[in-house]
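Worksheet: one structure, shown below.
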Amino acid sequence: RSRRSLERDMRSALVQGDFRLAYQPLVNLQTRKVTAFEALMRWHHPERGPVPPSEFIPVAEEMGLIMQLGEWALRQGCMEAVHWPEEINLSVNLSPVQFAKGNLVSTVMSALASSGLPASRLELEITESVLLEKSERNIRILNHLRALGVRISMDDFGTGYSSIGYLRSFPFDKIKIDQSFVQDVLVDKGSLAIVRAIAGLGVSFGMKTTAEGVETEEQMRCLNREGCTEVQGYLLSKPVPPAELAGLLQQLNTNAASVSDS
Ligand code: C2E
Ligand code: CA
Ligand code: CA
């Protein structure tokens, strides 16, 4: 019954415009400058309060509502990002369901055209599951997206099926190392070995590597030593509402300047 009511509420939330995007920065480890903001969906339910995406995205995927929700996130993100400094990219998460149904390429084209955001400033995050089923068709879609000038990132790498062969089937621009390895990198030799191996793959394939879920300075120093190119996590910032972006950017860039001075 609770699922059923979640479904119903999500439909009306979509109509009423109750979904929001929060943005979390990705920072270059060398320059300490913000390279991109990842758009993360937020839903404040009138009675339940905030519902985490880990709860509502799977339900939206099952009921097909992810098509509209995903398109909304793409359009909304592009509309907001076009006002950011032009060296800062927008990263948007895609559900595997968006590959299976509808026409993802034309949705992306339309979001770019109507916002005026250059394709080169859009990064799309996909998980390995996109390459698991109907992979030939999905690789064709990825190549079309790439041809538009959009960048493609492999999200949550190291979890799931983790076939390294996927890296050969499509030239990803970026690998995002799953938080679970990053959070244990200082205490677990196995996690360190995996982070090191993924950073090495990144170098060999010419892909950026972003460590997700970085919470401490020690973790960041270790990730830098291991050759990761970018970090994302609470250490730098939690996801913030759009109104706080300008202030956050200023603060992070001041930090970047003081790091490069010292
Ligand atoms: P994700 O794409 O792996 O996003 C990263 C998640 O880790 C976010 O959770 C973020 O708030 C959280 N996080 C970031 N830094 C840290 C840290 O230092 N420590 C810890 N403990 N957590 C950190 P969030 O926002 O709850 O999103 C969860 C998942 O929901 C996302 O995981 C993504 O898979 C999905 N999601 C969110 N927005 C969208 C969307 O617009 N479309 C789709 N398809 N999925 C989305
Ligand atoms: Ca992501
Ligand atoms: Ca992730």
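First listed ligand is number 1; within each ligand, the first listed atom is number 1.
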Under a 4.0 Å threshold between the charged nitrogen and the carboxylate oxygen, would E7 count as salt-bridged to R4?
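Between E7 and R4 there is no salt bridge, as every charged N stays at least 4.0 Å from the carboxylate O atoms.
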Short of 3.0 Å from the Ca ion (ligand 3), name each protein N/O/S atom, waters not counted.
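Hits for the Ca ion (ligand 3) below 3.0 Å: D155 OD1, D156 OD1, E212 OE1, E212 OE2.
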Taking [atom] as the reference point, the nearest protein heavy atom with its distance:
| atom | result |
| --- | --- |
| atom 5 (C) of ligand 1 | Q179 NE2, 3.8 Å |
| atom 32 (O) of ligand 1 | L40 CD2, 4.9 Å |
| atom 27 (O) of ligand 1 | P53 CG, 3.5 Å |
| atom 11 (O) of ligand 1 | P239 CG, 3.4 Å |
| atom 41 (O) of ligand 1 | M41 CE, 3.0 Å |
| atom 46 (C) of ligand 1 | I57 CD1, 3.6 Å |
| atom 3 (O) of ligand 1 | D156 OD1, 3.3 Å |
| atom 18 (O) of ligand 1 | Y234 N, 2.8 Å |

So which bit of [X] gets within less than 4.0 Å of ligand 1, heavy atoms only: side chain, backbone, both or neither?
| X | value |
| --- | --- |
| K238 | neither |
| E38 | side chain |
| S95 | both |
| V214 | backbone |

Check whether any N or O atom of [X], backbone or side chain, sits under 3.5 Å from an N or O atom of ligand 1, and answer yes or no.
| X | value |
| --- | --- |
| D155 | yes |
| Q24 | yes |
| R42 | yes |
| I66 | no |

Which ligand 1 atoms are under 4.0 Å away from a heavy-atom of E215?
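Taking each heavy atom of E215 in turn, ligand 1 has 17 (C), 18 (O), 19 (N), 20 (C), 21 (N) under 4.0 Å.
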Interfacing atoms of ligand 1 (cut-off 4.0 Å, heavy-atom, E212)
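Close to E212: 3 (O), 5 (C).
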No-hydrogen, no-angle side-chain donor-acceptor test under 3.5 Å, [X] and [Y]:
| X | Y | result |
| --- | --- | --- |
| Q24 | Y234 | no |
| H44 | D18 | no |
| Q76 | E80 | yes |
| E230 | T210 | yes |
| R75 | T107 | no |
| R121 | S91 | no |
| S95 | E61 | yes |

Once rounded to the nearest 0.5 Å, what's the spacing between atom CD1 of I141 and atom CD1 of I152?
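CD1 of I152 is found 10.5 Å from CD1 of I141.
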Straight-line distance of L131 CG to E136 CD, nearest 0.5 Å
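With rounding to 0.5 Å, CG (L131) is 12.0 Å from CD (E136).
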If I compare all heavy atoms of L145 with all of V108, which pair ends up nearest, and what's the gap?
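Result for this residue pair: CD2-CG2, 3.8 Å.
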Looking only at N, O or S atoms, which one in E38 sits nearest to the Ca ion (ligand 2)?
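Minimum-distance N/O/S atom of E38 relative to the Ca ion (ligand 2) is OE2.
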Evaluation steps, salt bridge (Lys or Arg N to Asp or Glu O under 4.0 Å), between K176 and E38:
CA-CA 12 Å; K176 300 188 78 176; E38 177 176 358; 2.9 Å; yes
Within less than 3.0 Å of the Ca ion (ligand 2), any N, O or S from N93?
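Under 3.0 Å: N93 contacts the Ca ion (ligand 2) through an N, O or S atom.
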[atom]: any protein heavy atom closer than 4.0 Å:
| atom | result |
| --- | --- |
| atom 21 (N) of ligand 1 | yes |
| atom 13 (N) of ligand 1 | yes |
| atom 9 (O) of ligand 1 | no |

Suppose the criterion is ring pair (Phe, Tyr, Trp, His ring centres under 6.0 Å): which pairs have a residue in residues 87-114, not counting sequence neighbours?
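For residues 87-114, and leaving out neighbouring residues, there are no ring pair (Phe, Tyr, Trp, His ring centres under 6.0 Å) pairs at all.
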So does T216 get a backbone contact from the side chain of Q219, meaning a donor-acceptor N/O pair under 3.5 Å?
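A pair under 3.5 Å: yes.
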R151 side chain to S120 backbone, donor-acceptor under 3.5 Å
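Pair found, side chain donor or acceptor close to backbone of S120.
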Angle between ring planes, F19 versus W72, binned at 30° and 60°: parallel, tilted or perpendicular?
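The arrangement is tilted - the two ring planes meet at 30° to 60°.
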Kindly assign one of parallel, tilted or perpendicular to the pair W84 and Y23, based on the angle between their ring planes and the thresholds 30° and 60°.
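The arrangement is perpendicular - the two ring planes meet at more than 60°.
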Answer yes or no for Q183: is there a heavy-atom contact with ligand 1 below 4.0 Å?
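Yes.
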Is the closest heavy-atom distance from P52 to ligand 1 below 4.0 Å?
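No, that is not the case, since the closest heavy atom of the residue is not under 4.0 Å from the ligand.
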What verdict does the side chain to side chain contact (heavy atoms under 4.5 Å, CB included) test give for E55 and V59, after you've listed the backbone C-alpha separation in whole Å, the side-chain angles of each residue and the deciding distance to 0.1 Å?
CA-CA 7 Å; E55 230 171 87; V59 179; over 6 Å; no
